[in-house]
Amino acid sequence: MKLWAHRGCSQRYPENTLLAFEKAAQINGLTGIELDIQLTKDGRMVVIHDERVDRTTDGIGYVREYTLEEIRKLKIDAGTGKKEVIPTIEEVLDLLEKKIKKGLKINIELKNSVYPYQGMEEKIVELIEKRGMEESVVYSSFYTASVEKIRKLSPKAEIGILDHKVSDCLYKVKGGCGADVLHPYWRGIDLPREQIEKYQVRAWFSGHLYPEKPTGTRLDIEELERKGITDVFLNEPERYL
Ligand code: G3P
Ligand code: CA
């Protein structure tokens, strides 16, 4: 079972911040780090999960209504006395560059199924190619049209299709969306193992708004493996590695 840090080490540190990514990069044996990107009003790629800034920062409103300069003024309370800010994807790649060169993978989820940010695919593919990180990046999206676009822009890229049920992920892959990896919700394994075992199946956990598993509860990773899951995105990977 390969373990990924979901939005960084997001159980103990604020999700999608440099702090959460730095903590994840310190874990020995971690396969990779997952993060979410969106575009600001002036077209900059920032790392944030929700379409709005309200839940994770001291601001109000949509990411797309802020310029980069404005969004950087919003504060994220890390509980350490030091405030975090919404990072740009460039900052995250700078922070993780050494670890990426040593084999750490990055799953860049294009958060575009609610608001289809025009040109985000071109921007991220260009940036990753410019930095020579093609082999370290897995792109993913819930939005099939975006996956199709990334496949055209980057024929050799590794791409995960996100959905809740693994049967829906498989349906989209077989339909030709261009993804090669299934990224279902961990409770959404609704097919027998034999039907999915030729694929990598990276299951995601959520739990930032309504924790499904409190910190003190251990997940049965072996049970997930028996279902055909090959990788998991965990909020607290440090607990398992
Ligand atoms: O990419 C896996 C997972 O992060 C998808 O769900 O809502 O946490 O971005 P969400
Ligand atoms: Ca995500």
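When a ligand or atom number is given, it counts from 1 through the structure's own listing order.
Geometrically, ligand 1 and S140 share no nitrogen or oxygen pair separated by less than 3.5 Å. Residue E34 has at least one N or O atom closer than 3.5 Å to an N or O atom of ligand 1.
Short contacts between ligand 1 and H49, defined as distances under 4.0 Å to a heavy atom of the residue, involve ligand atoms 7 (O), 8 (O), 9 (O), 10 (P). Heavy-atom proximity to K111, at under 4.0 Å, picks out these atoms of ligand 1: 7 (O), 9 (O), 10 (P). Residue R7 has at least one heavy-atom neighbour below 4.0 Å for each of these atoms of ligand 1: 7 (O), 8 (O), 10 (P). Ligand-side atoms of ligand 1 in range of D36: 9 (O), range being under 4.0 angstrom from any heavy atom. Interface atoms of ligand 1 facing L162, defined by a heavy-atom separation under 4.0 Å, are 1 (O), 2 (C), 5 (C).
Classification of the W204-F142 ring pair by plane angle, with boundaries at 30° and 60°, yields perpendicular.
Heavy atoms of E109 come nearer than 4.0 angstrom to ligand 1 in at least one pair. Between R202 and ligand 1 there is no heavy-atom distance shorter than 4.0 Å.
Electrostatic pairing of R131 and D94 counts as a salt bridge here, judged by a charged N lying under 4.0 Å from a carboxylate O. Salt bridge absent: K152 and E148 never bring a charged side-chain N and a carboxylate O closer than 4.0 Å. Of the charged side-chain nitrogens involved, at least one lies within less than 4.0 Å of a carboxylate oxygen, so that R55 and D50 count as a salt-bridged pair.
Checking N107 against W4 by side-chain atom types alone, no donor-acceptor pair falls below 3.5 Å. A donor-acceptor pair shorter than 3.5 Å can be found between the side chains of R202 and Q200. With 3.5 Å as the limit, one finds a donor-acceptor pair spanning the side chains of Y117 and Q38. Under the 3.5 Å distance criterion, with hydrogens and angles disregarded, a donor-acceptor pair is assigned to the side chains of H6 and N235.
When the Ca ion (ligand 2) is compared with the N/O/S atoms of E109, atom OE1 turns out nearest. The Ca ion (ligand 2) is closest to atom OD1 of D36 (considering only N, O or S atoms). Residue E34 approaches the Ca ion (ligand 2) most closely through its N/O/S atom OE2.
The residue H183 has no part lying near ligand 1, judged by heavy-atom distances below 4.0 Å.
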Worksheet item: Between E121 and K149, is a salt bridge (charged side-chain N to carboxylate O under 4.0 Å, His left out) present by the stated rule, with each step listed?
Response: CA-CA 7 Å; E121 295 85 358; K149 200 166 172 188; 3.5 Å; yes

